[in-house]
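Working notes, beginning with the structure itself.
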Amino acid sequence: KDIQKKMTKMQQRNQTLQLQKEENDMVNQELGLMEEEAQVYKLVGPVLVSQEPDDAKAIVTKRLEYINNEIKTLDKEISRLNKDYETQKMAVNKVQEDFKNEIETLLKGSSK
């Protein structure tokens, strides 16, 4: 169950990162379509603050790099947890099968 809880948390984190990636991809595309003299504003609390277009592009690009790295790291961790889960599942199935075989052997021995 512990692995399943971790997996659920990681999948939720992955969904959040994917949404952030999509949003930042859209912003990056919009920044790429801007005319040179266009103004860029950043929302800081309740205030819109003017920002240089090149700075905005650089910030969004860095943010996308960070998000992509986080997604890769999370995917690796999810994959590792999946392997651990499958290993534990196979071990439990083996114990159950051995137990079942042992009971069948005992029942056959007692019926003689």
Side-chain angles (χ1 to χ4, degrees):
K1 289 186 177 185
D2 188 40
I3 290 177
Q4 288 176 330
K5 285 180 185 178
K6 286 180 183 178
M7 287 286 292
T8 301
K9 285 182 183 179
M10 286 185 185
Q11 288 169 342
Q12 289 171 344
R13 174 78 176 130
N14 194 359
Q15 287 176 340
T16 301
L17 287 170
Q18 292 294 343
L19 286 173
Q20 289 175 350
K21 181 180 183 303
E22 287 176 23
E23 289 173 359
N24 281 279
D25 280 335
M26 286 190 296
V27 170
N28 201 28
Q29 287 174 356
E30 290 293 323
L31 289 172
L33 297 173
M34 283 186 352
E35 296 177 10
E36 287 186 31
E37 29 329 293
Q39 288 286 330
V40 176
Y41 295 92
K42 179 179 182 178
L43 186 63
V44 179
V47 180
L48 284 176
V49 178
S50 181
Q51 188 174 30
E52 290 295 319
D54 290 340
D55 290 345
K57 289 176 187 177
I59 290 169
V60 171
T61 300
K62 283 289 186 188
R63 193 178 303 138
L64 280 168
E65 287 175 19
Y66 172 78
I67 290 170
N68 285 326
N69 287 335
E70 285 292 305
I71 289 171
K72 285 179 188 175
T73 302
L74 202 54
D75 285 345
K76 287 178 187 176
E77 185 66 16
I78 288 171
S79 177
R80 186 188 65 75
L81 278 176
N82 271 331
K83 287 178 185 175
D84 289 351
Y85 177 75
E86 288 302 318
T87 301
Q88 287 183 6
K89 186 177 169 182
M90 287 172 42
V92 167
N93 287 342
K94 171 111 175 71
V95 168
Q96 286 175 336
E97 186 66 31
D98 291 348
F99 184 69
K100 178 183 167 190
N101 290 338
E102 188 66 30
I103 288 177
E104 288 175 358
T105 302
L106 289 173
L107 288 175
K108 287 178 184 176
S110 67
S111 63
K112 288 182 182 178

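To the nearest 0.5 Å, atoms CZ (R13) and CD1 (I78) are separated by 11.0 Å. Between atom OG1 of residue T16 and atom CD1 of residue I71 there is a gap of 10.5 Å, rounded to the nearest 0.5 Å. Distance check: K6 NZ to L81 CG gives 6.5 Å after rounding to the nearest 0.5 Å.
By the side chain to side chain donor-acceptor pair (under 3.5 Å) test, S50 is found to be paired with Q39, residues two or more places apart in sequence or in another chain being considered. Qualifying side-chain contact (heavy atoms from CB on, under 4.5 Å) partners for E65, counting only residues two or more places apart in sequence or in other chains: T61, K62. With sequence neighbours left out, D55 forms a side chain to side chain donor-acceptor pair (under 3.5 Å) with no residue at all. Not a single side chain to side chain donor-acceptor pair (under 3.5 Å) links E52 to another residue, sequence neighbours left out. R63 meets the salt bridge (charged side-chain N to carboxylate O under 4.0 Å, His left out) test with no other residue; sequence neighbours excluded. For Q18, the side chain to side chain donor-acceptor pair (under 3.5 Å) criterion is met by N14, not counting sequence neighbours. The salt bridge (charged side-chain N to carboxylate O under 4.0 Å, His left out) test applied to D84 returns R80, not counting sequence neighbours. For M34, the side-chain contact (heavy atoms from CB on, under 4.5 Å) partners two or more places apart in sequence, or in a different chain, are L31, A38, V40, P53.
Contact of the T8 side chain with the Q12 side chain is registered, since non-hydrogen atoms from C-beta on lie closer than 4.5 Å.
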Taking distance alone, no hydrogens or angles, what donor-acceptor pairs closer than 3.5 Å link side-chain atoms of residues 85-93 to residues at least two apart or in another chain?
| from | atom 1 | to | atom 2 | distance (Å) |
| --- | --- | --- | --- | --- |
| T87 | OG1 | K83 | O | 2.9 |
| N93 | ND2 | K89 | O | 3.4 |

For residues 94-107, which side-chain N or O atoms pair as donor and acceptor with protein atoms under 3.5 Å away, sequence neighbours left out?
| from | atom 1 | to | atom 2 | distance (Å) |
| --- | --- | --- | --- | --- |
| K94 | NZ | D98 | OD1 | 3.2 |
| K94 | NZ | D98 | OD2 | 3.1 |
| N101 | ND2 | E97 | O | 3.3 |
| T105 | OG1 | N101 | O | 2.8 |

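The environment of K57 atom NZ is dense: over 12 non-hydrogen atoms of other residues, nucleotides or ligands sit within 6.0 angstrom.
Hydrophobic clustering (ILVMFWY, side-chain heavy atoms < 4.5 Å, transitive): L17 and Y66 are in one cluster. Linking Ile, Leu, Val, Met, Phe, Trp and Tyr residues whenever their side-chain heavy atoms come within less than 4.5 Å leaves V60 and L48 in two separate clusters. Under the 4.5 Å side-chain heavy-atom criterion for grouping Ile, Leu, Val, Met, Phe, Trp and Tyr, L74 is not connected to L64 through any hydrophobic cluster.
Applying the salt bridge (charged side-chain N to carboxylate O under 4.0 Å, His left out) test to every pair with at least one member in residues 31-47, sequence neighbours left out, gives no pairs at all. Residue pairs meeting the salt bridge (charged side-chain N to carboxylate O under 4.0 Å, His left out) criterion with at least one partner in residues 14-25, sequence neighbours excluded, are K21-D25.
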